[in-house]
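All ligand and atom numbering here is 1-based and tracks the order in the structure. Position 1 is the first residue of the sequence; numbering continues from there. Hydrogens, waters and symmetry mates play no part in the numbers below; they use all other heavy atoms, side chains included.
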Amino acid sequence: MTHDPNCLFCKIVHGTISSKKVYEDALVYAFHDIHPWAPVHFLLVPKVHIPSLAHLGPEHAALMGHMMTLAPKLALQEGCRPYPDGGFRIVSNTGAEGGQEVHHLHVHVMGGPRPWLRG
Ligand code: AMP
Ligand code: ZN
């Protein structure tokens with residue numbers, strides 16, 4: 001299944017639910033987290049519905065490589081200061097004990113001056 005009609009982030013990717021867009025290309029969509037923990041806090045998701053990191057196979061290697069190489073560029077674009085004094089944190093909650101609430105694979109990209117609300 002490439003799209004789950006009941007999935008919140010599929011609805012965001014397809015524009016059924018509005019979001020504050022950070023970036024979009026053919027493979028991924030990035031948008032501001034609605035409850036930011038840090039001065040910079042956005043989510044980067046594949047456009048295709050993949051429930052979590054636990055669902056990845058070898059066929060997803062290029063997609064995940066794209067997301068991981070894109071994230072630092074978007075972090076700078078959104079106001080994170082450069083490494084090493086600045087930087088950012090990447091988190092991907094996976095499963096109930098991993099704290100995952102939305103079951104569409106996503107990475108949190110957080111950064112900016114501390115203290116942060118959480119994390
Ligand atoms: P988790 O699945 O635990 O990684 O958390 C999902 C994240 O999605 C949380 O940080 C929420 O604040 C965020 N979130 C939930 N609904 C929306 C929305 N409509 N727009 C943007 N972010 C959202
Ligand atoms: Zn989805």
| said: Under a 3.5 Å threshold, yes or no: a donor from one side chain and an acceptor from the other, between H108 and H41? | reply: yes
| said: Under 2.8 Å from the Zn ion (ligand 2), is there any N, O or S atom belonging to H3? | reply: no
| query | Which part of N93 is near ligand 1, with near meaning a heavy atom under 4.0 Å away: side chain, backbone, both or neither? | reply | side chain
| field | Distance (rounded to the nearest 0.5 Å) between S18 OG and I12 CD1 | value | 8.0 Å
| Heavy-atom gap H103 to ligand 1 smaller than 4.0 Å | no
| Proximity of H108 to ligand 1 by residue part, where a heavy atom lies under 4.0 Å | side chain
| task | Tell me which one of Q100, R118, H106 gets a heavy atom nearest to atom 5 (O) of ligand 1. | result | H106
| query | Relative to the heavy atoms of F9, which atoms of ligand 1 are at a distance of less than 4.0 Å? | reply | 8 (O)
| task | Indicate if the distance from the Zn ion (ligand 2) to the nearest N, O or S atom of H103 falls below 2.8 Å. | result | no
| side-chain contact (heavy atoms from CB on, under 4.5 Å) evaluation trace for W37 with M110 | CA-CA 7 Å; W37 295 9; M110 291 168 275; 3.9 Å; yes
| field | contact_flag S19 ligand 1 heavy-atom lt 4.0 Å | value | no
| remark: Short version for V91: what comes under 4.0 Å of ligand 1, heavy atoms counted, is neither
| message | Would you say CD of E59 has more than 12 non-hydrogen atoms from neighbouring residues, nucleotides or ligands within 6.0 angstrom? | response | yes
| Any donor and acceptor pair, going by atom type alone, linking the side chain of H14 with main-chain N or O of K11 inside 3.5 Å? | no
| said: Heavy-atom distances under 4.0 Å decide this one: backbone, side chain, both or neither, for F42 against ligand 1? | reply: neither
| note | The atom name of the N, O or S atom in H104 nearest to the Zn ion (ligand 2) is ND1
| field | Part of W37 with heavy atoms under 4.0 Å of ligand 1, whether side chain, backbone, both or neither | value | neither
| query | Between H104 and P46, what is the shortest heavy-atom contact and its length? | reply | NE2-O, 2.8 Å
| task | Quick one: pull up CG in L70 and OH in Y23 and give me the separation to the nearest 0.5 Å. | result | 5.0 Å
| Do you see a donor-acceptor pair shorter than 3.5 Å between the side chains of D25 and H66? | yes
| query | If you measure from CG on N93 to NE2 on H103, what distance do you get to the nearest 0.5 Å? | reply | 10.0 Å
| message | Looking at every non-hydrogen atom in both residues, tell me the closest pair between K47 and V13 and how far apart they are. | response | CG-CG1, 3.8 Å
| Considering only heavy atoms of H35, which atoms of ligand 1 have at least one such atom less than 4.0 Å away? | 12 (O)
| task | Can you sort out which atoms of ligand 1 are near F31, meaning under 4.0 Å from one of its heavy atoms? | result | 21 (C), 22 (N)
| field | Per atom 13 (C) of ligand 1, closest listed option by heavy atom (V102, D33, I12) | value | D33
| request: Report the angle formed at the Zn ion (ligand 2) by atom SG of C10 and atom SG of C7, rounding to the nearest 10°. | output: 120°
